[in-house]
Amino acid sequence: MRPVLLIAGTRPEGIKVAPVYLALRKANIPVLFCATSQHNTLLSEVFSIFNIVPDIDLKVMQAGQDLFYLTSEIVTRMKRILQQVEPSVVLVQGDTTSAMAAGLAAFYTHIPVGHIEAGLRTGDLQAPYPEEFNRCMLGKISTYHFAPTSQAAAHLMSEGHSHKNVFCVGNTVVDALRIMKEAILQGKISITPVIKN
């Protein structure tokens, strides 16, 4: 069985994709976690708290990185990974350059893309920039759209996506919070209160 390939490059992506990764593993579905490391240290902190070790790390982060560098490096490095892994689907989250570039690489190699947190729209490609473009681009190339709200699902339907491929699933950050709450209550994570003077 070909694995699901999950992508995360930034801290928010890591937080929101971690519950999906853990749920797939719990269901015994073959899954690999690929970090682009668009944000290296911040993403590592997320992996640490969720007890996740990425199977693949593209290690793209460098000083002074810009959108040109990130996009070209992620697409190029993902090509090799996709050829080696041959996943059944690539799951990306949100509206980062990591999500857009990994999704584009999957599209170029004819691998279905699943977009988590799909359908968010402002209607202005400049706000937020470049996130609105990334969202719209992923909307065009994704096969499966996992919308966090009914409004996001409605946006996708209005863009012509089949209702069979649009799923209103809620926001995975809620699942991340539930996992953290359970870990705190079970004593697996300790919290140090911040006292303000």
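Worth knowing before you read on, the calculation uses all heavy atoms, side chains too, and leaves out hydrogens, waters and symmetry mates.
- Rounding to the nearest 0.5 angstrom, the gap separating the OG atom in S37 from the NZ atom in K59 is 8.0 Å.
- No side-chain heavy atom of P87 sits less than 4.5 Å from a side-chain heavy atom of R2.
- Considering only heavy atoms from C-beta on, C136 stays 4.5 Å or farther from E131 through its side chain.
- Under the 4.5 Å side-chain criterion, counting only non-hydrogen atoms from C-beta, L91 is not in contact with V17.
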Q.
Between D175 and L177, is the side-chain contact (heavy atoms from CB on, under 4.5 Å) condition met? List the steps.
A. CA-CA 5 Å; D175 300 296; L177 288 169; over 6 Å; no
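- Rounded to the nearest 0.5 angstrom, M137 CE and L125 CG are separated by 12.0 Å.
- By the criterion of side-chain heavy atoms lying less than 4.5 angstrom apart, applied directly or through intervening Ile, Leu, Val, Met, Phe, Trp or Tyr residues, F107 is not grouped with L6; the two fall into different hydrophobic clusters.
- Between Q65 and Q62, the shortest heavy-atom distance links the atoms OE1-N, 3.1 Å.
- Note: the hydrophobic cluster containing I184 also contains I179 (ILVMFWY, side chain heavy atoms under 4.5 Å, direct or indirect links).
- Both I111 and M100 are part of a single hydrophobic cluster, where members link through side-chain heavy atoms under 4.5 Å apart.
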Q: Might you work through the side-chain contact (heavy atoms from CB on, under 4.5 Å) test for L58 and C34, ending with a clear yes or no?
A: CA-CA 7 Å; L58 302 184; C34 175; 4.0 Å; yes
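- For the side-chain contact (heavy atoms from CB on, under 4.5 Å) criterion with L185, the lone passing option out of K188, E182, K181 is K181.
- Side-chain heavy atoms closer than 4.5 Å link hydrophobic residues (I, L, V, M, F, W, Y) into clusters, and following such links, possibly through other members, connects I49 to I52.
- Other residues, nucleotides and ligands contribute only 12 or fewer heavy atoms inside 6.0 Å of the CD atom of Q151.
- Counted within 6.0 Å of CZ on R11, heavy atoms from surrounding residues, nucleotides or ligands total 12 or fewer; the atom is thus considered open.
- Using a 4.5 Å heavy-atom threshold, the side chains of M180 and I189 count as touching.
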Q | CA sep, side-chain torsions, deciding dist, call: H161, H145, ring pair (Phe, Tyr, Trp, His ring centres under 6.0 Å) | A | CA-CA 9 Å; H161 298 288; H145 309 267; 4.2 Å; yes
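- The residues E159 and K140 are annotated as not salt-bridged, no charged nitrogen and carboxylate oxygen being separated by less than 4.0 angstrom.
- Closest heavy-atom contact between E132 and L120: OE1-O, 4.2 Å.
- Heavy-atom neighbours of F47 CZ from other residues, nucleotides or ligands within 6.0 Å: above the threshold of 12.
- V169 and L138 fall into different hydrophobic clusters, where Ile, Leu, Val, Met, Phe, Trp and Tyr residues are linked whenever their side-chain heavy atoms come under 4.5 Å apart, directly or through other members.
- S142 places no side-chain N or O within donor-acceptor distance of the main-chain N or O of G139, the cut-off being under 3.5 Å.
- To the nearest 0.5 angstrom, R135 atom CZ is 8.0 Å from E117 atom CD.
- To the nearest 0.5 Å, atom CG of residue N171 and atom CZ of residue F146 are 14.0 Å apart.
- I7 places a side-chain heavy atom less than 4.5 Å from the side chain of M78.
- With rounding to the nearest 0.5 angstrom, the CG atom of L104 is 11.5 Å from the OG1 atom of T97.
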**Q.** Residue pair I116, T172: steps toward the side-chain contact (heavy atoms from CB on, under 4.5 Å) verdict
**A.** CA-CA 8 Å; I116 301 164; T172 57; 4.2 Å; yes
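- Residues A153 and A147 approach most closely at N-CB, 3.6 Å, considering heavy atoms.
- A donor-acceptor pair under 3.5 Å links the side-chain atoms of H115 to the main chain of G94, judged by distance alone.
- Using a 4.5 Å heavy-atom cutoff, the side chains of T96 and Q38 are in contact.
- Side-chain contact between T36 and L70 is absent, with no heavy atoms from C-beta onward closer than 4.5 Å.
- Heavy-atom contacts from other residues, nucleotides or ligands closer than 6.0 Å to CZ of R178 number more than 12.
- Counting only N and O atoms by type, the side chains of Q93 and E13 include no donor and acceptor under 3.5 Å apart.
- Other residues, nucleotides and ligands place no more than 12 heavy atoms under 6.0 Å from the OH atom of Y108.
- Annotation: Y144, atom OH; neighbour count of heavy atoms from other residues, nucleotides and ligands within 6.0 Å does not exceed 12.
- In terms of modelled atom types and a separation under 3.5 Å, the side chain of T109 and the main chain of A106 share a donor-acceptor contact.
- The shortest heavy-atom contact between C168 and S150 is SG-N, 3.6 Å.
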Q: I would like to know whether V113 and V92 meet side-chain contact (heavy atoms from CB on, under 4.5 Å); could you show each step before the answer?
A: CA-CA 7 Å; V113 177; V92 298; 4.1 Å; yes
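- Atom NE2 of H110 sits about 12.0 Å away from atom CG of L82, to the nearest 0.5 Å.
- Summarising the geometry of A101 relative to I74, their closest heavy-atom pair is CB-CG2, 3.6 Å, with the distance given to 0.1 Å.
- S72 places a side-chain N or O within donor-acceptor distance of the main-chain N or O of Y69, the cut-off being under 3.5 Å.
- Heavy atoms only, all atoms of each residue included: P112 and S88 are closest at CD-O, 3.4 Å.
- A side-chain contact (heavy atoms from CB on, under 4.5 Å) with L5 is found for one member of V31, I56, D55 and no other, namely I56.
- At least one side-chain heavy atom of V85 sits less than 4.5 Å from a side-chain heavy atom of P3.
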